[in-house]
Structures are given as structure tokens and as C-alpha cells.
Amino acid sequence: MNLDVSEYYRQKNLKQSGLQEIAPVILPEGDMEAEGEASEYHFGWPHAVMIENVILVTIRRGFGKPGGIIRSIDRGQTWEKPRFFDDAKIVVLGDTNSGKVVAAAVNRHKLNTLNVLISKDKGETWERHDVDVANIPQHLHARIVEH
């Protein structure tokens, strides 16, 4: 990462407060990026969580198109096929102390609606909930922090 002095201290403070952890992850490459449903996706500004040996990473595509989640169950050695959620562009991913994974997505077809996706099994299965939110900003980028 190319950081100036102020950004370095901002990142250091976030780490010390427990709000952010930065660590290298080897992302999948090869066939997944070149073929099929995931061919136009990329890892720009990814959100990731790691629970035991399971890593979940968001993947994105162009403006207005749905995003998804890709999962590894062996600490990033191999990766499963990406999971995509209809009408949902995932913008944030986080985990809780209880082991749940929570993802939030802007619903492309319902104004002022977020899709909240919850997994209780490290991303194997997902429950989807629609949440009404007033005045969602055009560009939603966030971090999930458990209170």
C-alpha cells in the first residue's frame, strides 16, 4: 500500500482500536477470472472476513450490476465458485463474535432498500432480509462493526 504519513497513522489507529485489520490474502486467479459467470468480475475494494480456515471475499462488477462472494475453506489455498445474489450489489461484509457473517447489499430494484444477507455457517448458506432505509447515498461504502 502506498500511504502518506497521515494515512499511515489513521490505519495504525484503526488497527489499535480493533476496527480494522489489514493482512495479505492470495486471491484466486486463472479460470475463474477468464470464463463463465465471473468473467467480468474483479476484486476492486474488496471486503473480506476470516473465520477459522474460511475466507469470504466480495467480488464486484461494473456500475449497477450485482456483486457476489467467493469463499475458501482452506485459508485461501483453493476457492469455490462465486455466489451471486439476485438484485443485490454487495457493498460490505463483516463477521460477528458469534461466528455469523453479515453482508449488506443495495437492492437495485427497490428504492431505499438494503438486502441484509446473514450466514450462520461461514458462508455455506445465506438468509436474506429486506430492510427499508431512508435516503441511501448513491455510493454506499461501509464497514460492519459489531457493537
Side-chain angles (χ1 to χ4, degrees), residues 1-3 6-7 9-29 32-33 36-147:
M1 291 175 43
N2 187 11
L3 306 177
S6 63
E7 182 63 16
Y9 284 108
R10 189 178 83 80
Q11 294 292 327
K12 185 176 178 180
N13 290 337
L14 285 170
K15 182 178 182 179
Q16 288 174 340
S17 68
L19 292 176
Q20 179 170 293
E21 179 181 346
I22 297 175
V25 172
I26 299 172
L27 295 174
E29 61 183 351
M32 198 234 33
E33 293 179 343
E37 189 176 15
S39 63
E40 298 177 28
Y41 286 79
H42 60 87
F43 296 99
W45 297 104
H47 289 268
V49 297
M50 184 170 178
I51 303 171
E52 297 170 358
N53 290 332
V54 177
I55 301 173
L56 298 160
V57 181
T58 59
I59 56 177
R60 298 175 183 257
R61 196 161 82 170
F63 181 75
K65 296 178 182 176
I69 295 174
I70 190 164
R71 184 174 92 125
S72 171
I73 59 172
D74 56 10
R75 300 182 74 89
Q77 297 301 307
T78 61
W79 293 86
E80 297 175 352
K81 289 185 178 183
R83 297 262 332 254
F84 302 102
F85 302 92
D86 294 336
D87 303 326
K89 184 175 183 180
I90 296 173
V91 293
V92 63
L93 181 71
D95 60 328
T96 67
N97 290 332
S98 67
K100 291 180 185 175
V101 180
V102 179
V106 175
N107 187 311
R108 297 181 308 131
H109 298 289
K110 291 175 79 176
L111 187 63
N112 292 331
T113 302
L114 286 178
N115 299 125
V116 178
L117 305 162
I118 300 173
S119 176
K120 298 175 184 174
D121 56 9
K122 302 174 190 166
E124 179 73 26
T125 60
W126 295 88
E127 298 172 9
R128 184 173 174 160
H129 307 274
D130 287 344
V131 178
D132 294 329
V133 179
N135 302 318
I136 295 176
Q138 182 178 3
H139 300 286
L140 179 62
H141 300 283
R143 293 187 178 101
I144 292 178
V145 178
E146 183 173 9
H147 290 275

Given side chains that start at C-beta, do those of L114 and D130 come closer than 4.5 Å, heavy atoms only?
no
In short, R128 meets N115 closest at the heavy-atom pair NH2-OD1, 3.1 Å
Side chain to side chain contact (heavy atoms under 4.5 Å, CB included) assessment of V102 paired with L117:
CA-CA 6 Å; V102 179; L117 305 162; over 6 Å; no
Nearest heavy-atom neighbours spanning G68 and F84
CA-CD2, 4.0 Å
I118 side chain reached by V101 side chain, heavy atoms, under 4.5 Å:
no
Determine whether the side chains of N112 and D132 contain a donor N or O and an acceptor N or O closer than 3.5 Å.
no
Just by modelled atom types, is the V54 backbone N or O under 3.5 Å from a matching donor or acceptor in the S72 side chain?
no
If you compare all heavy atoms of I70 against all heavy atoms of E80, which two are closest, and at what distance to 0.1 Å?
CG1-O, 3.4 Å
Check for a donor-acceptor pair, side chain of R83 on one end and backbone N or O of R71 on the other, with a separation under 3.5 Å.
no
Value rounded to 0.5 Å, distance of CD1 in I73 from CH2 in W79:
11.5 Å
Could you tell me which non-hydrogen atom of S119 sits nearest to which non-hydrogen atom of T125, and how far apart they are?
OG-O, 2.9 Å
Only one of I69, V57, D95, T58 forms a side chain to side chain contact (heavy atoms under 4.5 Å, CB included) with V49, so which one is it?
D95
With rounding to the nearest 0.5 angstrom, report the CD to CG distance, Q77 to N53.
10.0 Å
Taking side chain to side chain donor-acceptor pair (under 3.5 Å) as the test, write out the residues that go with Q16, two or more places apart.
none
Distance check, rounded to the nearest 0.5 Å: E127 atom CD versus K100 atom NZ?
8.0 Å
So does E52 pair up with K122, basic N to acidic O under 4.0 Å?
yes
Check: T113 and V131 side chains under 4.5 Å, non-hydrogen atoms:
no
